[in-house]
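Just so it is clear, the structure is predicted and the values come from calculations on it, not from any experiment.
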Amino acid sequence: MKKSIWLISTMLIAIFFFGCATPRITLFSDASDPLREITLDGTAEDKILVIPITGVITDSSKSRALRTMPSPVQEVVSHLRLAEKDDRVKAVLFKIDSPGGTTTASDILYHEIVAFKQRTGKKVVVCMMNLATSGGYYVSLPADVIMAHPTTVTGSIGVILMRPQVSGFMEKIGVDVRVNKSGENKDMGSPFRPITPAEENMLQGLADTLGQRFVDLVKQHRRLDGQRLATVADARVFLADAAVAAGLVDKIGYLQDAIAEASALAAIAADARVVVYRRTEYPNDNLYNTLTSGTQAKPTPVVDMGPIGDLLSLDAGFYYLWPQALGSP
């Protein structure tokens with residue numbers, strides 16, 4: 001034990017003093033390590049690839065102590081590229097547990113999945129876990145079959161613009177911010193002053209446009225119209241049974257049911273190999289493991305603010321996101 005502590009301390013000191021001049025040393029797997037195929041089940045030659053999409057969908061990587069974690073977008077696209085090159089991968093199963101994410105990251109994943117299907121002809125199945133709301137549902141739309149667990153929460157079809165507002169607090173403590181701007185709307189949405197009615201209308205117009213894009217894609221992929229489309233377009237959430245009735249979900253089942261569905265769609269043997277791509281090999285691995293690169297557990301903060309802390313950590317901007325679910329996955 002003492003020898004291990006001495007070794008780690010020595011490496012940390014070397015990194016501190018010599019910086020970029022030293023060879024790259026990693027104590028944990030990170031985004032620089034290659035993805036490797038690992039078989040979880042089955043013995044046949046044909047494969048079903050399982051890709052997890054967990055947590056807030058973003059295209060920003062995360063830097064942590066001694067390693068960098070790839071963004072969800074980078075990770076999923078890397079999986080798709082490998083699956084595209086492997087003729088034995090006949091179907092892809094997305095295991096989704098996400099409250100959504102930024103509009104652009106969600107749209108990138110949607111586009112990449114559509115393009116993957118067009119290029120390869122491989123079947124795509126979605127199995128929703130605890131949550132597949134907003135952007136988590138958006139990226140599910142290209143699937144040939146969408147399956148939800150009996151307890152899944154999904155829906156929240158729409159967009160939200162979240163911006164902090166601290167002008168009232170600043171007035172109370174006697175703090176002000178002076179702004180010089182080149183255009184009337186340059187500081188539109190500033191947290192340091194109240195928003196004007198004209199600005200509110202402009203921001204609402206942006207939200208309406210992005211929200212309508214989402215609704216149009218639901219209409220296209222799920223073939224909804226009339227009252228059924230109006231029902232889901234108000235951004236409500238659904239449990240699995242209601243989501244099936246609303247036309248957002250095809251079937252209710254568990255992960256093994258989704259594997260069987262993928263096998264049937266791809267017309268491959270029932271004992272097809274179920275594989276994942278990981279940077280780290282885990283003992284007693286199985287379908288419910290969502291990790292690909294070491295541990296992705298969040299460091300424990302000094303003061304845990306729960307969902308409020310998650311909300312405050314988000315950058316200002318438009319999100320396909322159900323904010324009430326932050327901190328859940």
Side-chain angles (χ1 to χ4, degrees), residues 26 28-62 64 67-98 101 105-106 108-129 132 136 139-140 142-144 255-256 258-259 261-263 265-266 268-269 271-297 329:
T26 57
F28 309 97
S29 65
D30 65 6
S32 65
D33 294 314
L35 288 164
R36 295 179 292 122
E37 180 184 286
I38 294 174
T39 299
L40 299 180
D41 199 6
T43 57
E45 290 188 355
D46 290 333
K47 307 171 189 174
I48 299 169
L49 171 65
V50 179
I51 302 178
I53 300 178
T54 305
V56 176
I57 299 170
T58 174
D59 58 354
S60 299
S61 59
K62 293 184 178 180
R64 293 183 180 154
R67 66 193 191 277
T68 299
M69 307 304 296
S71 73
V73 168
Q74 176 191 343
E75 194 78 328
V76 171
V77 171
S78 296
H79 284 63
L80 290 175
R81 295 290 185 269
L82 290 174
E84 185 173 345
K85 296 175 182 177
D86 188 346
D87 292 337
R88 289 296 182 185
V89 173
K90 303 297 185 182
V92 174
L93 171 62
F94 286 98
K95 187 159 65 78
I96 297 180
D97 196 350
S98 170
S106 302
I108 289 171
L109 282 189
Y110 164 84
H111 169 76
E112 289 288 344
I113 296 168
V114 169
F116 170 81
K117 288 185 64 179
Q118 291 173 343
R119 289 193 303 265
T120 66
K122 299 176 192 284
K123 299 300 182 181
V124 172
V125 174
V126 160
C127 185
M128 297 175 172
M129 305 297 287
V139 301
S140 304
D144 297 292
L255 266 175
Q256 291 298 338
I259 294 291
E261 189 72 31
S263 297
L265 279 174
I268 57 178
D271 65 338
R273 289 169 56 200
V274 179
V275 301
V276 291
Y277 298 143
R278 304 210 197 282
R279 293 184 171 86
T280 303
E281 191 166 352
Y282 298 90
N284 306 314
D285 207 353
N286 60 61
L287 277 171
Y288 296 97
N289 180 7
T290 60
L291 302 179
T292 58
S293 305
T295 177
Q296 291 179 349

From Asp41 atom CG to Asp285 atom CG, the distance as rounded to the nearest 0.5 Å: 11.5 Å
What are the two closest heavy atoms between Leu291 and Asn289, and how far apart are they? N-OD1, 2.9 Å
Verify side-chain hydrogen bond (donor to acceptor under 3.5 Å, both in side chains) between Asp59 and Ser71, making sure each step is shown before the conclusion. CA-CA 5 Å; Asp59 58 354; Ser71 73; over 6 Å; no
Indicate yes or no: at least one non-hydrogen side-chain atom of Asp97 is less than 4.5 angstrom from one of Thr290. no
Measure the shortest side-chain to side-chain distance between Thr280 and Asp33 over non-hydrogen atoms and say whether it is less than 4.5 angstrom. no
Donor-acceptor contact below 3.5 Å, side chain Lys90 vs main chain Ala272: no
Non-hydrogen side-chain atoms of Ile259 and Val274 separated by less than 4.5 Å: yes
Would you give the length of the straight line joining atom CG of Leu80 to atom CG of Leu49, rounded to the nearest 0.5 angstrom? 8.0 Å
What distance do Leu35 atom CG and Ser78 atom OG have between them, rounded to the nearest 0.5 Å? 6.0 Å
Would a 4.5 Å heavy-atom cut-off, applied to side chains only, mark Val124 and Pro142 as touching? no
May I ask you to decide if Ala132's main-chain N or O and Ser98's side chain share a donor-acceptor pair within less than 3.5 Å? no
Please name the pair of heavy atoms, one in Val139 and one in Ile113, separated by the smallest distance, quoted to 0.1 Å. O-CD1, 3.5 Å
Do Glu75 and Arg279 touch side chain to side chain, with heavy atoms closer than 4.5 Å? yes
Closest approach of Val76 and Phe94, non-hydrogen atoms and distance? CG1-CE2, 3.9 Å
Counting only N and O atoms by type, is there a donor-acceptor contact under 3.5 Å from the side chain of Lys122 to the main-chain atoms of Val89? yes
Output the distance between atom CD1 (Ile51) and atom CD1 (Ile48), rounded to the nearest 0.5 Å. 12.5 Å
Taking every heavy atom of Lys95 against every heavy atom of Leu287, the minimum-distance pair comes out as CE-O, 2.9 Å
Indicate yes or no: at least one non-hydrogen side-chain atom of Lys117 is less than 4.5 angstrom from one of Asp144. yes
Please tell me if the side chains of Met129 and Leu255 come closer than 4.5 Å, counting only heavy atoms from C-beta onward. yes
Sorted by chain and number, sequence neighbours left out, side-chain hydrogen bond (donor to acceptor under 3.5 Å, both in side chains) with Glu37 holds for Lys47, Arg273
Looking at every heavy atom in both Gly101 and Val56, which two are closest together, and how far apart are they? CA-CG1, 3.9 Å
Mind checking whether His79 and Val92 have side chains closer than 4.5 Å, heavy atoms only? no
Of all heavy-atom pairs between Leu109 and Ile57, which one has the smallest distance, and what is that distance? CD1-CG2, 3.9 Å
